[in-house]
Amino acid sequence: MQVGFTWHELFAPQPEAAVAFLAGVCGGTVTRAPLETPGGGPFLLLIRERRPVLGVMQPPRPGSPSWWDGYVAVPDLDAALERASALGARVVFDAPMTAEGWGRFSFLIDPQGAGLGVIQPSADAAIGGPNPGVGWQELAVDDPEAALAFYGALFDWREVGRLERPAGPCLLLGYGSERTGRLTVVRRGEGEAAGWRYYLHVGRLDPALAAAQERGATIVTGPRRVPGGGFAAVGVDPQGVDFALHAPRR
């Protein structure tokens, strides 16, 4: 098993509106999964190419802001969590949780404060390989070199390139047969919280941005070229939920 991102989730105050917006921008269909959610509302799935690529649900606590989670697939969840703790991460759940048809999972906070899900997919899970619905993952932290050391020891992610920039190095990481693994680590900007940003994959960026704006979104940054190839942009949907897009072409 390649130890890379296999699943992503969005917590949004209005999950139906959030997933409908993303389906309109990125393509795909929406279905409801028969699972209970922490917030008590529906667990909605964005389906692309017959595979679930994103789960959308309400935050567990009313009034909480929206956020995105990503999950890394591992062959042995217990061993991964034990190794993460030894490397200085904090495991959030007292014990791993199980979702039928998905697998066993938990959540950790890395030594620099970035949250990350870890999942051991079940044999019948529709996930397991790299998530085709997400084109890029970017981690912003105070110390990219320390992040490289942590994730290298935890998941065997390796540096496959870097760009030196005035704000600090941009590290490109790879794993398994993935040349870049679609992963970068950068130094976080002033006032920016440490954490991961997940860029949803689209075929061409400009038409996707036009579709987002037609649906009431505001584009915050981009389009811009990104390390490893392609273009990216970040926006805010009509209900104030952040989203990010990545495409090989404008």
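The first residue in the sequence is number 1, and the count goes up from there.
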Which side-chain N or O atoms in residues 209-227 pair as donor and acceptor under 3.5 Å with protein atoms at least two apart or in another chain?
{"residue": "Arg215", "atom": "NH1", "partner": "Ala211", "partner atom": "O", "Å": "3.2"}
{"residue": "Arg224", "atom": "NH2", "partner": "Tyr199", "partner atom": "OH", "Å": "3.0"}

N/O donor to acceptor pairs below 3.5 angstrom from side-chain atoms of residues 82-98, sequence neighbours left out:
{"residue": "Arg83", "atom": "NE", "partner": "Leu154", "partner atom": "O", "Å": "3.2"}
{"residue": "Arg83", "atom": "NH2", "partner": "Leu154", "partner atom": "O", "Å": "3.1"}
{"residue": "Ser85", "atom": "OG", "partner": "Leu81", "partner atom": "O", "Å": "3.2"}

Under 3.5 Å, which donor-acceptor pairs link side chains of residues 21-29 to any protein atom two or more places apart or in another chain?
none

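Pro59 places none of its side-chain heavy atoms less than 4.5 Å from the side chain of Ser66. The shortest side-chain heavy-atom distance between Pro42 and Met57 does not fall under the 4.5 Å cut-off. Residues Val186 and Pro144 are not in side-chain contact: their nearest non-hydrogen atoms beyond the backbone lie 4.5 Å or more apart. With contacts defined as side-chain heavy-atom distances shorter than 4.5 Å, the pair Leu116/Tyr71 does not qualify. In this structure, Phe150 and Pro111 have side chains that are in contact, with non-hydrogen atoms separated by less than 4.5 Å. Contact annotation: the side chain of Leu245 never approaches that of His201 to less than 4.5 Å [non-hydrogen atoms, C-beta and beyond]. Contact annotation: the side chain of Val72 approaches that of Phe155 to within less than 4.5 Å [non-hydrogen atoms, C-beta and beyond].
To the nearest 0.5 Å, atom OG1 of residue Thr31 and atom CZ of residue Phe43 are 11.0 Å apart. A distance of 9.0 Å separates CD1 of Ile119 from CH2 of Trp7, quoted to the nearest 0.5 Å. Rounding to the nearest 0.5 Å places CG of Leu54 at 6.5 Å from CG of Leu200. Interatomic distance, CD of Glu9 versus CG of Leu45, reported as 9.5 Å (0.5 Å rounding). To the nearest 0.5 Å, atom CZ of residue Arg197 and atom OG1 of residue Thr184 are 11.0 Å apart.
Side-chain atoms of Arg188 come within 3.5 Å of backbone N or O of Glu192 as a donor-acceptor pair. Between the side chain of Gln112 and the main chain of Asp143, a donor-acceptor pair closer than 3.5 Å is present.
Applying the salt bridge (charged side-chain N to carboxylate O under 4.0 Å, His left out) test to every pair with at least one member in residues 145-156, sequence neighbours left out, gives these pairs: Glu145-Arg162, Asp156-Arg158. Sorted by first and then second residue, the salt bridge (charged side-chain N to carboxylate O under 4.0 Å, His left out) pairs involving residues 102-123 (not counting sequence neighbours) are Asp78-Arg104. The list of ring-ring contact (aromatic ring centres under 6.0 Å, His included) pairs with a residue in residues 210-238, not counting sequence neighbours, is empty.
Connection of Val236 to Leu205 is not established within any shared hydrophobic cluster, with ILVMFWY side chains joined at heavy-atom distances below 4.5 Å, either directly or through further cluster members.
Remark: the Glu100 side chain and the Trp102 side chain contain no N/O donor-acceptor pair separated by less than 3.5 Å. Side-chain polar atoms of His8 and Asp69 form no donor-acceptor pair below 3.5 angstrom.
Annotation: Arg48, atom CZ; neighbour count of heavy atoms from other residues, nucleotides and ligands within 6.0 Å is above 12. With a 6.0 Å radius and a threshold of 12 heavy atoms from other residues, nucleotides or ligands, Glu164 has its CD atom above the threshold.
Pairing each heavy atom of Val53 with each of Pro132, the nearest pair is CG1-CG, 4.2 Å. Closest non-hydrogen pair, Pro62 versus Pro60, comes out as CD-O, 4.1 Å. Heavy-atom minimum distance, Val241 versus Ala12: CG2-CB, 4.1 Å. Among all heavy-atom pairs drawn from Tyr198 and Gly70, the shortest one is OH-N, 3.3 Å. When all heavy atoms of Gly135 and Arg182 are compared, the closest pair comes out as O-CD, 3.3 Å. Contact record, Ser122 with Asp124: OG-OD1, 2.7 Å, taken as the closest heavy-atom pair.
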Check step by step if ring pair (Phe, Tyr, Trp, His ring centres under 6.0 Å) holds for Phe11 and Trp67. CA-CA 5 Å; Phe11 290 83; Trp67 76 88; 4.4 Å; yes
Determine, stepwise, if the pair Phe105 / Val118 fulfils side-chain contact (heavy atoms from CB on, under 4.5 Å). CA-CA 6 Å; Phe105 64 95; Val118 187; over 6 Å; no
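The distance between the ring centers of Trp196 and Phe5 falls below 6.0 angstrom.
Ring geometry, His246 versus Trp136: the interplanar angle falls under 30°, so the pair is classed parallel (tilted spans 30 to 60°).
Note on Asp142 versus Arg187: no salt bridge recorded, every NZ/NE/NH1/NH2 to OD/OE distance being 4.0 Å or above.
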